[in-house]
Amino acid sequence: MLTVCLQLIAIIDGLLNRRLHGPVMVICVPIHLKLETLPVKTNLSIVMVFIHVLLLCEQSLAAAPIIDHKSIFHPVVGERGMVASQEKLASQVGLDILQRGGNAVDSAVAVGFALAVTLPKAGNLGGGGFMMVHLAKTGETIALDYREMAPSAATETMFLDSKGDVDKHISRNSFRSAGVPGTVRGLVQALEKYGRLSLAEVIQPAIDLAEQGFVLSHELAAELESRRTQLSRSEAGRKIFYKADGSAYKAGERFIQQDLAWSLRQIAQKGEQAFYEGEIAEKIVRDSKRHKGLIDREDLKTYTVASRDAVRGFYRGYEVVSMPPPSSGGVHVLQMLKVLENFNLKKMGHNSADYLHALTESMKYAYADRSEYLGDPDFTQVPIKALTSGAYGKRIAKQIDFAQTRASDDIKPGSEQPFESHDTTHFSVADEEGNVVSNTYTLNFSYGSGIVIEGTGILLNNEMDDFSSKPGVPNAFGLLGGEANAIEPRKRPLSAMTPVIVLKDDKPYLVLGSPGGSKIITVVLQVILNVLDHDMNIAEASSVPRIHHQWYPDILNIEKGVSPDTIHLLKNKGHKTRDTRVLGSTQSIMLKAGKMYGSSDPRRPGAITLGY
């Protein structure tokens, strides 16, 4: 009897330690602990009960297959590491770093530098962004703000002409349109604090891609041809992106960027100092001064990365964690979730007329509040708790009439409460230790201002246009802004970038984000709803049609694929609809039952998720 009991206990112990994950572990671990303390003469029948429970647990695992063949869309599956990015070479760089023993932060930093080479329209050294890091060992979720800052010589009226109107050319296409870049300092400091590999190790793949070149895809070749005017604003840009005879590079040809390789090597050897105080800094300041830009040596030297408290809120039992201001995305995703939790969205049905109506109305209120309250928290007080409270969400929900839309003119910022470019890019990374990174960064427009700093290969951002150059006048993405986002020296412009980590039982469950300018916030919202309300796998959640409304203009943008009957019902509710280009390009990872499930949005070619 003793021998049989001990053998059974050993078998169960082995199965428990080897097989069970997630919710099954919660059921069976208490049994596992009690078995170890059973008296030697325990009745065999009790042990058999334990085996029966174990078999039920095993059956529950079998009931949740890795691949569901009822689904049209299937995610990439991995167990030890995963990278989702908008460019395949960069994804491979990140996966290689994980396979060499790097953690999620090492991989993310390597991807960030690689995208500066292989996805020049958004990957960058001359821009800025936001990084969310979840550390498995401590359970911390860190929000790193490396958004660009206004130069010290910036003024509130710097983009206004003699008539008081915004000069869009200066605010978008000149040296003056550049904020002080934060990407290099942000990536390097993230690596130093939370990575385990050296800077030289994680940046070498990017150096190789720039120095040895890579084969141009059809997409990138076509983009370079179509962006000739923009990318020829500087002589340095013309020399890099076009051949000596002025002709464009063709798909299948090798594209080499020697100046960018030099800059990357400087950073690898001398760290962030090379960019902010060294030879790269000298080139930036020299070019800026020559072309009436504002960035000076002191602006670069004193640029700081801010570690901020993430914004958090619960939805359907999951904790949604995202960037705080100057990102508006985290606040307004949570705000909209707090409105939508008052409705049974699953019962409405995905992309039904009532469902899309509820989403649209919540979007209008969020973007109205964005225009009034959101800005750099170092300069303005942002009512985060009020905007993301359940009480405020419930108040807005009560205003939603399912028979009729509410006109944007009738929605004012905070009326129910008492008190950026399509070619941003996002990547998500997860490692086998449970660490994850959600990172979104940008140059603002595709290729930023199009201006390249002489001798560096570095494209400059045009993020100064993300400030409210004139309160009440929309920026390039149609977004209105107020005094909270007015230009001030060393201030960070408001951003729609929305890197998100969703936690289940304090562990990462979803890691996601997207490019898309003003549409980023609503894109991320819909992927979260697709998973948490509509039980979609991450590939399906990333692929189905989306909508977008941003208060003004009062237009409901609808992707191809929503039923004409549904659109007719929405029009009957008073919505003004418009067919739109694709919305976003999400790069997402789901962590579930000991597996990683990843998906790169099919909306843009070249994106890929890799896992192992």
Side-chain angles (χ1 to χ4, degrees), residues 116 120-129 146-160 166-186 227 230-237 240 259-260 263 275-277 280-305 326 376 420-421 423-424 441-469 475-477 485-495 497 517:
K121 65 182 178 183
N124 67 84
L125 301 184
Y146 60 95
R147 181 78 161 140
E148 300 90 337
M149 299 173 75
S152 56
T155 66
E156 188 172 356
T157 60
M158 62 184 284
F159 296 130
L160 302 185
V166 177
D167 186 326
K168 295 179 181 179
H169 174 73
I170 296 176
S171 71
R172 300 173 185 180
N173 305 324
S174 72
F175 271 80
R176 289 199 167 208
S177 68
V180 182
T183 293
V184 172
R185 184 154 280 168
R227 299 273 177 174
Q230 180 186 9
L231 293 173
S232 298
R233 286 188 181 126
S234 61
E235 181 63 28
I240 291 168
D259 286 349
L260 186 55
S263 293
F275 189 95
Y276 293 95
E277 298 181 57
I280 299 174
E282 290 177 7
K283 292 177 184 290
I284 293 173
V285 172
R286 186 185 311 125
D287 235 13
S288 179
K289 185 178 293 185
R290 185 184 303 146
H291 296 92
K292 299 181 180 179
L294 299 182
I295 297 174
D296 63 23
R297 184 176 295 279
E298 192 65 17
D299 289 324
L300 289 165
K301 184 178 180 180
T302 58
Y303 176 85
T304 57
V305 176
D376 185 342
E420 27 260 350
S421 146
D423 286 312
T424 298
Y441 72 156
T442 188
L443 289 165
N444 196 28
F445 285 13
S446 294
Y447 302 94
S449 63
I451 296 169
V452 175
I453 297 297
E454 183 70 38
T456 68
I458 296 172
L459 278 159
L460 268 183
N461 71 80
N462 57 353
E463 290 292 355
M464 293 297 288
D465 183 64
D466 271 2
F467 283 111
S468 300
S469 297
N475 70 1
F477 303 106
N485 191 41
I487 300 172
E488 294 184 57
R490 296 187 57 76
K491 189 176 185 180
R492 301 174 203 260
L494 188 61
S495 171
M497 293 187 288

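Residue numbers count from 1 along this sequence.
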Are the side chains of [Y] and [X] in contact, using a 4.5 Å heavy-atom criterion?
{"X": "Phe275", "Y": "Arg185", "result": "no"}
{"X": "Leu260", "Y": "Ile458", "result": "yes"}
{"X": "Lys121", "Y": "Arg227", "result": "no"}
{"X": "Ser174", "Y": "Lys292", "result": "no"}
{"X": "Arg176", "Y": "Asp167", "result": "no"}
{"X": "Glu454", "Y": "Ser234", "result": "no"}
{"X": "Asn124", "Y": "Asn461", "result": "no"}

Nearest 0.5 Å, please: how far is [atom2] in [Y] from [atom1] in [X]?
{"X": "Ser171", "Y": "Met464", "atom1": "OG", "atom2": "CE", "value": "9.5 Å"}
{"X": "Leu294", "Y": "Ser177", "atom1": "CG", "atom2": "OG", "value": "10.0 Å"}
{"X": "Leu460", "Y": "Asn173", "atom1": "CG", "atom2": "CG", "value": "12.5 Å"}
{"X": "Met158", "Y": "Ile170", "atom1": "CE", "atom2": "CD1", "value": "8.5 Å"}

What are the two closest heavy atoms between [X] and [Y], and how far apart are they?
{"X": "Arg172", "Y": "Phe445", "value": "CD-CZ, 3.6 Å"}
{"X": "Asp376", "Y": "Arg492", "value": "OD2-N, 2.8 Å"}
{"X": "Pro326", "Y": "Pro493", "value": "CB-O, 3.8 Å"}
{"X": "Ile295", "Y": "Pro151", "value": "CG1-CG, 3.9 Å"}
{"X": "His291", "Y": "Phe175", "value": "CB-CD1, 3.2 Å"}
{"X": "Glu463", "Y": "Leu443", "value": "OE2-C, 3.7 Å"}

Please check if the side chain of [X] supplies one atom and the backbone of [Y] the other of a donor-acceptor pair under 3.5 Å.
{"X": "Arg297", "Y": "Val285", "value": "no"}
{"X": "Thr456", "Y": "Ser263", "value": "no"}
{"X": "Ser288", "Y": "Ile284", "value": "no"}
{"X": "Thr424", "Y": "Tyr441", "value": "no"}
{"X": "Asn485", "Y": "Leu494", "value": "yes"}

For this session: Apply the test side-chain contact (heavy atoms from CB on, under 4.5 Å) to residues Ile487 and Thr155: give CA-CA distance (whole Å), side-chain angles for both, the deciding distance (0.1 Å), then the verdict.
Result: CA-CA 6 Å; Ile487 300 172; Thr155 66; 6.0 Å; no
Exercise. How far apart are the C-alpha atoms of Asp259 and Lys283, what are their side-chain angles, what is the distance that settles it, and do they pass the side-chain contact (heavy atoms from CB on, under 4.5 Å) test?
Worked result: CA-CA 12 Å; Asp259 286 349; Lys283 292 177 184 290; over 6 Å; no
Exercise. Looking at Leu231, Ile453, Ile451, which one forms a side-chain contact (heavy atoms from CB on, under 4.5 Å) with Leu459?
Worked result: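 For Leu459, the side-chain contact (heavy atoms from CB on, under 4.5 Å) test succeeds with only one of Leu231, Ile453, Ile451, which is Leu231.
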For this session: Applying side-chain contact (heavy atoms from CB on, under 4.5 Å), run through Lys301 and Tyr276 and close with a yes or a no.
Result: CA-CA 5 Å; Lys301 184 178 180 180; Tyr276 293 95; 5.8 Å; no
Exercise. Would Glu148 and Asp466 count as a side-chain contact (heavy atoms from CB on, under 4.5 Å) if you check the C-alpha gap in whole Å, the side-chain angles of each, and the deciding distance to 0.1 Å?
Worked result: CA-CA 10 Å; Glu148 300 90 337; Asp466 271 2; over 6 Å; no
